[in-house]
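Would you mind keeping the following structure in view while I ask a few things?
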Amino acid sequence: MAQEYRVLLEHADKINPESAADYVKVGGYKGLEKARSMNPKDLTEEVKKSGLRGRGGAGFNAGMKWSFVPQYPETKYVVCNFDEGEPGTYKDRIICQKNAQALLEGMAICGHAIGSNNGYIYCRGEYPFVVEMLKKAIGNAKESGALGEFNIEVRMGAGAYVCGEETALIESIEGHRGEPRFKPPFPGVEGLWRMPTVVNNVETFACLPYILTNGADWFAGIGAKSYPGTKVLTLTGDIENPTYFEVPTDYLLRDVIYELGGGVKGGKKLKAVQVGGTSGAFIPPQNIDTPIDFDSMSAIGAALGSGAVFVMDESRDIVDTINRIAKFFEHESCGQCTPCREGTHRCKEIMEKINTGRGTLKDIENLKVLARVMQKASLCGLGQAAPIPITSTLEHFEYEYLRKLM
Amino acid sequence: MANYMDIIASCKDKPGGIIEAFHAIQKEYNYIPEEALREAARAFKVSEAQAFGVATFYSYLSVKKRGKYIIRMCESAPCHVAGADEVLKALEANLGIKAGETTEDGKFTLELTECVGQCQATPVVTINSEPVFNVKPEMVPGLLAGYK
Amino acid sequence: MDIKLTINGKEIEVPQGTMLLDACRKAGADIPTFCYDPDLKLAGSCRMCVVQPQGWRNLVASCVTPAQNGMVIDTESPDVVEARKVVLELMLTRHKLTCHTCEKDGDCNLQDYCYRYGVTESRFEGKIHNLFKDDSNPFIERDYDKCVMCTRCVRACEEITGARAINVMDRGYHAHIATAFDGELEDSPCVFCGQCIMVCPVGALTSKIAAGKGKPAQNEKVLTTCTYCGTGCTLELNVKNDEIVGVTSNRDAEWSPVNKGALCVKGRFGWDFVNSPERLTTPLIKENGEFRPASWDEALDLAAEKINGIKEKYGPDSLSMFSSARVTNEENYLAQKLMRAAIGSNNVDHCARL
Ligand SMILES: Cc1cc2nc3c(=O)[nH]c(=O)nc-3n(C[C@H](O)[C@H](O)[C@H](O)COP(=O)(O)O)c2cc1C
Ligand code: SF4
Ligand code: SF4
Ligand code: SF4
Ligand code: SF4
Ligand code: FES
Ligand code: FES
């Protein structure tokens, strides 16, 4: 079954993503039409029934999230998380560049479900060309009347990974420092400008038109039962085909690497694969016969996350890579809470020490304590996830650390 | 060159749009001059300390003067294993500056960045936000020569 | 509606919406905090107040987590203690630890909590940031090498004083407190009220005027009312050997009902005149161009005589009185009474009209 299964990307490169008319020709905006013929409650139920879970990392049932949004007040927001900061990830960019109208349609569907005509797309600052394209796509969709009353404004991030965290993203749209808020209250109740707000990932929104057009049962029948649908993956590192693929969610990680990916580059042996971006766990070769869906990945102590697949061959230095990753988190911590602000810095220092042959067993002990406290006591997911690459490699590749000690 | 007053005025009606304004200012000036920051604070009705806090939070915004071309070297893990360090060394050697610095003629600023979302072609460098793919150290002189 | 929860084995009832911090304190648990301040917006960022809800994977910050019905909370579980110790160690790693000469010694949250959890030193290696701000202002010492980044100063400056002079700049490990453009307070909208000193849980912000005159924790405290204006703020005089050596805040609304500890620059920093050798301690009478000390009776008699003389010669309207906002309403009432009833002039005014 080593085949791609394209839903979101079926018409990639065959239609102009800016053009609503092109999109309509391949069946676009039918889902929105159907959604608008339903009452919002039934629509939310339908999405819930499809089993669609968030593609941004946390894997929360989308329909369920919408159902927490209160009917009043009247001002509510639909926010698309297009921050895509997880290193090795560019799938949201691909979805927009190939099928932007599906994203717009999906946001409007959500708008109908929660009773909102106010959409925002928060796009990372690294994609100014995609922002231009999206603005044109929105203009075109508005002109064609496809979106009806639903409005979408694009806002640009400015180089802060933490702004992918939904409450930091909201702060950033409000023009503030991108510091995550404590939860509760959750955005569904108190989000953008303290109004009820749904935040979903690009891919989550882009699934909606297809769910509405083909029915919840159709979607629920694709891929893994508990995390149905397809997933767009991006392959990086030591891989023959460093590109993107859309696969059903019960697709095996082994097949991602060896079938679609064409295997480890240069026919070398696999040492480790990191799924979900830089905050994901390192998976040893013995665990790659696992489906990529959310729950199967969790079961092996990993995470599907953003769907990035970073492959490392036998020659790679795990400790050096973790050192680099530790630098990433130090750079991206917002600096608000103590465990993460100070902890990411100390992790980086200790990793640097070990990587340059100056580390001791005591340093590894300290790393473990620090990792535990960061995971348990940090304010947001960044600080909580930052130690995962360290703890997972200490679990599976401890000898790589030990051999670098003094 | 557009005046920062006009730039800010054009974003002023977007609620919370100070970051949009900063982007627009940087497009003209390559950084956020002190006077422009003060004006943005006034226009968006926030204190100067708040506006400054925002401007210094985001790594794409700068309150320090920068060169005409801003070169960013992606350092994230996929680019790192693909040889980002060597490319960085070549950039530093060719420009005669370290990361974070600007050449004396004010032409280039060299910065480090995390993943810019072009990981299909690592290592990646961006020059004024335009990505350059599969960069090798030996490509650097030719690449720089293309910027006048 | 009340909810029930169990804290350290004790069942308590609290109103819906109560934060765990308050519930825990109600149950008698002592919860350490840095960023929490009852008079400021919540931050939930220092993570010192974490507690363990039974069955939850992660710890929660009690100051920002609402109590839920049926929760079972442990405020000193092994995970909680480990987290608090590591938080303290992380703070210590970059802290300029000079308790012996620190103004905050004896009244410092960092010191107290390290004592409580037996944290002598940090397991992590690190250096101070070198963030000491050599700020030429005469009032406030800004030693950010002792800062724990609780942001209480930022919030107090905005929410109590409204000056919005300071904020966090940069991000992550490099984040620190600064004015716009990281300059000096004098070049910012700072009004030198010292509210930031009042809320700082450590010795990062201290009074330059009181420095070296006695550690506030060791000084005798005398509550009094500020004499500078009619607002009537409560001051906490720091007294040592019968001399005023500083002013601190009593934030208890019962003792400081007007200002809850908040002051302005005059009340907080303008007390050194009290013991000044240049201060007038007796009336002076000018004779032949020179002042000489006189008794109150002599001085008052002289004033009365002169005033009556002027009144007789030029009429009561030739006299006017200008009174002060620094005295009480009652005294100002008496002043106008003196003018109107005893002297017979309506020419009465007051400096607060300006
Ligand atoms: C540090 C951090 C970074 C995140 N970055 C992203 C991101 O770039 N894109 C995204 O969609 N979600 C990101 N998330 C997850 C969001 O907080 C949120 O769960 C998601 O946008 C919800 O959308 P979904 O339910 O459709 O996945 C991030 C979370 C954390 C803690
Ligand atoms: S965990 Fe890190 S990124 Fe999240 S709030 Fe704390 S400091 Fe900021
Ligand atoms: S701030 Fe506290 S811990 Fe630091 S030196 Fe002063 S008294 Fe000691
Ligand atoms: S002295 Fe007052 S105005 Fe100045 S920074 Fe402190 S709180 Fe703000
Ligand atoms: S200066 Fe004091 S009040 Fe301000 S953040 Fe630092 S420790 Fe907190
Ligand atoms: S890792 Fe360098 S562009 Fe993504
Ligand atoms: S006191 Fe609760 S997080 Fe700081």
Side-chain angles (χ1 to χ4, degrees), chain A residues 158-163 167-168 176-185 327-350 352-353 358-360 362-363 365-384 386, chain C residues 17 19 34-35 41-52 56-66 68 77-95 122-127 129 148-151 154 167-177:
Chain A
Y161 163 71
V162 69
C163 288
T167 58
H176 303 145
R177 294 167 59 84
E179 291 168 349
R181 298 174 180 171
F182 52 80
K183 297 185 243 185
K327 258 194 206 153
F328 170 82
F329 285 113
E330 190 222 26
H331 187 250
E332 298 302 335
S333 165
C334 84
Q336 204 182 180
C337 74
T338 320
C340 172
R341 179 187 62 245
E342 308 296 328
T344 51
H345 179 76
R346 298 298 160 210
C347 279
K348 185 206 81 172
E349 273 187 348
I350 299 172
E352 227 159 55
K353 200 173 160 201
R358 294 175 292 126
T360 62
K362 182 83 186 124
D363 288 312
E365 211 35 60
N366 289 346
L367 265 183
K368 285 181 181 165
V369 175
L370 192 51
R372 203 157 53 226
V373 171
M374 287 170 71
Q375 278 171 337
K376 281 185 181 290
S378 289
L379 192 157
C380 88
L382 190 150
Q384 290 163 12
Chain C
M19 289 297 171
F34 282 107
C35 69
K41 282 188 192 142
L42 297 170
S45 61
C46 74
R47 315 307 279 180
M48 192 61 196
C49 69
V50 287
V51 298
Q52 173 76 65
W56 292 35
R57 192 167 52 100
N58 285 346
L59 305 171
V60 299
S62 60
C63 67
V64 290
T65 307
Q68 292 172 22
S77 74
D79 280 351
V80 168
V81 171
E82 179 177 75
R84 289 186 190 157
K85 278 186 168 174
V86 168
V87 163
L88 290 169
E89 288 180 36
L90 288 170
M91 288 175 173
L92 279 190
T93 312
R94 56 180 271 192
H95 192 87
S122 174
R123 76 190 80 201
F124 308 108
E125 298 157 18
K127 303 189 288 283
H129 269 226
V148 295
M149 284 301 289
C150 69
T151 71
V154 176
N167 192 10
V168 181
M169 76 171 276
D170 291 343
R171 120 179 144 201
Y173 184 65
H174 304 283
H176 63 278
I177 309 294

(request) Examine whether an atom of A/Lys353 lies under 4.5 Å from a heavy atom of chain C, and if so say whether it belongs to the side chain, the backbone or both; otherwise answer neither. (result) side chain
(message) Can you tell me which portion of C/Glu125 sits under 4.5 Å from chain A's heavy atoms? Options are side chain, backbone, both or neither.
(response) both
(request) Not counting sequence neighbours, which residues clear side chain to side chain contact (heavy atoms under 4.5 Å, CB included) with A/Glu349? List them please. (result) A/His345, A/Arg346
(request) Give, for atom NZ of A/Lys368 and atom CG of A/Asp363, the distance between the pair rounded to the nearest 0.5 Å. (result) 12.5 Å
(request) Test side-chain contact (heavy atoms from CB on, under 4.5 Å) on C/Leu88 and C/Leu92 and set out the steps. (result) CA-CA 6 Å; C/Leu88 290 169; C/Leu92 279 190; 5.5 Å; no
(message) Report which part of A/Arg177 has an atom under 4.5 Å of a heavy atom belonging to chain C: side chain, backbone, both, or neither.
(response) side chain
(request) Starting at NE2 of C/His176, measure out to CG of C/Asp170 and round the result to the nearest 0.5 Å. (result) 5.5 Å
(request) Pick one of side chain, backbone, both or neither for C/Val64, based on which atoms fall under 4.5 Å of a heavy atom in chain A. (result) both
(request) Supply the atom-to-atom distance A/Thr344 OG1 to A/Met374 CE, rounded to the nearest 0.5 angstrom. (result) 5.5 Å
(request) Let me know if C/Ala83 has heavy atoms under 4.5 Å from chain A in its side chain, its backbone, both or neither. (result) both
(request) Rounded to the nearest 0.5 Å, what's the gap from CD on A/Glu332 to SG on A/Cys163? Could you check? (result) 9.5 Å
(request) For A/Lys348, enumerate each residue passing the salt bridge (charged side-chain N to carboxylate O under 4.0 Å, His left out) test, keeping only those at least two apart in sequence or located in another chain. (result) A/Glu330
(request) Find the one option among A/Glu365, A/Gln375, A/Arg372 whose heavy-atom pairs under 4.5 Å with chain C are most numerous. (result) A/Arg372
(request) Tell me, for A/Gln384 versus chain C, whether the close heavy atoms (under 4.5 Å) come from the side chain, the backbone, both or neither. (result) side chain
(request) Under 4.5 Å heavy-atom distance to chain A, tell me which part of C/Val148 shows up: side chain, backbone, both or neither. (result) backbone
(request) Pick whichever of A/Gln336, A/Glu179, A/Lys183, A/Arg181 has the most heavy-atom pairs under 4.5 Å with chain C. (result) A/Gln336
(request) Among A/Pro180, A/Cys334, A/Pro184, A/Ala160, single out the residue with the greatest number of heavy-atom pairs under 4.5 Å to chain C. (result) A/Cys334
